[in-house]
Amino acid sequence: MRKVKVGVIGGAGYTGGELLRILVNHPNAEITFVHSNSNAGNPLYKVHTDLIGETDLLFTNQVSQDIDVLFLCVGHGDAKKFLDANPFNEGVKIIDLSQDHRLVANANGFIYGLAEMNHEQIKTANYIANPGCFATAIQLALLPLATANLLNDDIHINAITGSTGAGQGLSTSSHFSWRNNNISVYKAFEHQHLNEIGESLVSLQPNFKQEIDFIPQRGDFSRGIFASVYMKSDLSEEDAVKLYQEYYQDHPFTFVSATNIDLKQVVNTNKCLLYVKKHGNKLAIFSVIDNLLKGASGQAVQNMNLMFGLEETAGLKLKAVVF
């Protein structure tokens with residue numbers, strides 16, 4: 001099979017760097033160009049120093065149409081602006097890692113790229129809106145229940161993310177001296193990922209009208225998301241575990257663990273681990289992902305694999321760094 005020709009817009013950021021780390025070793029991908037106005041002419045490894053010895057490609061400020069797929073690793077609001085200013089040929093597939101096309105009202109032909117929910121639609125899609133990182137971890141904790149029409153009470157979520165979730169731009173809350181040995185809440189009950197989570201749940205369970213109470217937190221680590229999701233449920237623990245195991249049995253990156261989970265099991269991988277536990281009348285689902293991989297660039301490559309009929313796990317057989 002010929003290699004898929006790839007173009008990357010916004011290749012100098014965190015998600016761009018993770019995408020390149022995957023693609024340079026992907027057996028079915030060939031990077032045609034990596035766009036960055038501020039780094040044009042510089043080798044990729046000058047920005048992403050972990051790529052030293054991996055590739056001699058240079059950043060460019062030029063855009064080529066001679067590609068099969070375009071990844072948009074740009075800020076929220078910038079993907080739509082870029083596509084408006086740079087229309088691509090119909091034959092070029094597009095995977096947008098920003099939030100610009102995730103919601104139904106803004107989709108414009110983009111399919112929501114959560115493979116564990118829209119697996120078959122992604123295979124035939126030309127345009128993919130990659131889910132948000134919090135949204136991915138939380139939805140994977142809820143999809144089996146929504147599909148079985150079993151979300152019948154308010155959903156409560158506490159989720160903590162690493163500093164890379166805020167991107168490379170500096171702010172008061174991203175400096176090491178503030179983040180180190182610290183934790184804080186932000187956007188309580190109003191995080192933007194609630195919108196895509198809500199749309200997904202209603203699409204699977206149309207009668208879902210309950211509240212989703214989400215408390216996002218900033219952690220003092222670099223990468224990963226640990227989400228604790230719970231609600232009232234009549235399911236026994238045994239039935240709940242069986243429901244989750246059956247739902248994810250054909251999905252190669254999401255696993256139901258028989259024992260408690262921790263973040264280091266998934267950092268540096270495209271995996272999601274789930275742990276399902278019953279406490280009285282409450283069902284708790286714990287979900288862990290790497291926010292830059294399963295929550296962004298790894299999931300984007302997973303979508304590319306599906307769109308081009310490749311092995312779903314191609315380029316993504318990555319091992320966690322557990323110590």
Side-chain angles (χ1 to χ4, degrees), residues 14-23 25-26 50 73 97 113-117 119 130-144 157-167 179 183 191 193 196-197 200 214 216-230 241 244-245 247-277 284-306 311-323:
Y14 285 143
T15 57
E18 289 300 281
L19 182 66
L20 295 170
R21 179 167 70 88
I22 298 167
L23 292 176
N25 292 306
H26 194 293
D50 58 326
C73 301
L97 279 75
L114 187 61
E116 290 79 3
M117 183 177 76
H119 196 266
N130 223 54
C133 52
F134 270 134
T136 296
I138 292 166
Q139 288 176 104
L140 292 175
L142 293 171
L143 292 183
I157 305 162
N158 287 287
I160 187 166
T161 187
S163 58
T164 52
R179 280 266 186 174
I183 187 171
H191 194 279
H193 289 183
E196 58 190 281
I197 294 168
S200 294
F214 176 29
Q217 299 158 29
R218 303 180 185 97
D220 66 343
F221 50 93
S222 295
R223 56 198 291 166
I225 288 174
F226 194 116
S228 304
V229 182
Y230 62 96
V241 169
Y244 276 73
Q245 289 174 335
Y247 186 94
Y248 289 115
Q249 63 184 350
D250 296 323
H251 294 285
F253 292 110
T254 303
F255 302 92
V256 182
S257 174
T259 56
N260 206 356
I261 56 178
D262 63 78
L263 200 54
K264 280 192 172 182
Q265 290 175 277
V266 297
V267 169
N268 196 50
T269 79
N270 196 53
K271 292 178 182 177
C272 172
L273 292 188
L274 301 169
Y275 180 53
V276 180
K277 195 72 177 171
I285 307 99
F286 304 99
S287 173
V288 289
I289 65 168
D290 185 316
N291 60 294
L292 293 179
L293 287 171
K294 186 57 176 166
S297 303
Q299 184 157 232
V301 172
Q302 182 181 355
N303 285 325
M304 180 194 80
N305 291 342
L306 290 172
E311 182 184 353
E312 189 170 352
T313 59
L316 293 169
K317 296 175 181 177
L318 307 169
K319 182 192 175 298
V321 180
V322 295
F323 53 83

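FYI, the numbering just counts along the sequence from 1.
- Minimum interatomic distance between His193 and Ala135 (heavy atoms only, all atoms of both residues): ND1-N, 3.4 Å.
- Taken to the nearest 0.5 Å, the NZ atom of Lys271 stands 8.5 Å off from the CD atom of Gln265.
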Check: residues 252-260 side-chain donor-acceptor pairs under 3.5 Å, at least two apart:
{"from": "Thr254", "atom 1": "OG1", "to": "Glu116", "atom 2": "OE2", "distance (Å)": "3.3"}
{"from": "Ser257", "atom 1": "OG", "to": "Thr259", "atom 2": "N", "distance (Å)": "3.1"}
{"from": "Ser257", "atom 1": "OG", "to": "Thr259", "atom 2": "O", "distance (Å)": "2.6"}

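- Side chain of Glu18 to main chain of Thr15: no donor-acceptor pair is present (N/O by atom type, distance under 3.5 Å, no hydrogens or angles).
- The structure places NE2 of His119 at 7.0 Å from CD of Gln302, a figure rounded to the nearest 0.5 Å.
- Side-chain N or O atoms of Thr136 include one that pairs as donor or acceptor with a backbone N or O of Gly132 at under 3.5 Å.
- Between Ala141 and Ser287, the shortest heavy-atom distance links the atoms CB-CB, 4.1 Å.
- When the side chain to side chain donor-acceptor pair (under 3.5 Å) test is applied to His26, the partners found at least two apart in sequence or on another chain are Asn305.
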Legend entry - Test log, rule side chain to side chain contact (heavy atoms under 4.5 Å, CB included), inputs Glu196 and Ile138: CA-CA 11 Å; Glu196 58 190 281; Ile138 292 166; over 6 Å; no
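- Between Phe134 and Ala159, the closest heavy-atom pair is CE2-CB, 3.5 Å.
- In this structure, Asn270 contributes its side chain and Gln299 its backbone to a donor-acceptor pair below 3.5 Å.
- Side chains of Val266 and Cys272 form no contact here, defined as non-hydrogen atoms less than 4.5 Å apart.
- Atom CD1 of residue Ile225 and atom CD1 of residue Ile289 lie 4.5 Å apart, to the nearest 0.5 angstrom.
- Taking both residues in full, the closest heavy atoms of Asn130 and Gly113 are given as OD1-O, 4.5 Å, listed atom of the first, atom of the second, then distance.
- In this structure, Arg223 CZ and Leu292 CG are separated by 4.5 Å, a value rounded to the nearest 0.5 Å.
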Inset, instruction - Would you check, one step at a time, whether the test side chain to side chain contact (heavy atoms under 4.5 Å, CB included) holds for Leu306 with Glu312? - result: CA-CA 6 Å; Leu306 290 172; Glu312 189 170 352; 3.8 Å; yes
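- Of the possible polar contacts, none joining the Asp290 side chain to the Gly224 backbone as a donor-acceptor pair under 3.5 Å is found.
- The shortest distance between side-chain heavy atoms of Val276 and Gln245 does not fall below 4.5 Å.
- Smallest separation of non-hydrogen atoms from Ala300 and Leu97: CB-CD1, 3.8 Å.
- The main-chain N or O of Pro144 is never found under 3.5 Å from a side-chain atom of Tyr248 such that the two would form a donor-acceptor pair.
- From Asn158, atom CG reaches atom CZ of Phe286 across 10.0 Å, with rounding to the nearest 0.5 Å.
- Minimum interatomic distance between Leu263 and Phe221 (heavy atoms only, all atoms of both residues): CD2-CE1, 3.5 Å.
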Inset, instruction - Mind running side chain to side chain contact (heavy atoms under 4.5 Å, CB included) on Val301 and Leu19 for me, showing each step along the way? - result: CA-CA 8 Å; Val301 172; Leu19 182 66; 3.5 Å; yes
Quick one: side chains of residues 314-323, donor-acceptor pairs under 3.5 Å with protein atoms, not counting sequence neighbours, listed by atom name and distance.
{"from": "Lys317", "atom 1": "NZ", "to": "Glu311", "atom 2": "OE2", "distance (Å)": "3.2"}

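- If you take CD on Gln217 and OG on Ser228, they are separated by 8.5 Å, rounding to the nearest 0.5 Å.
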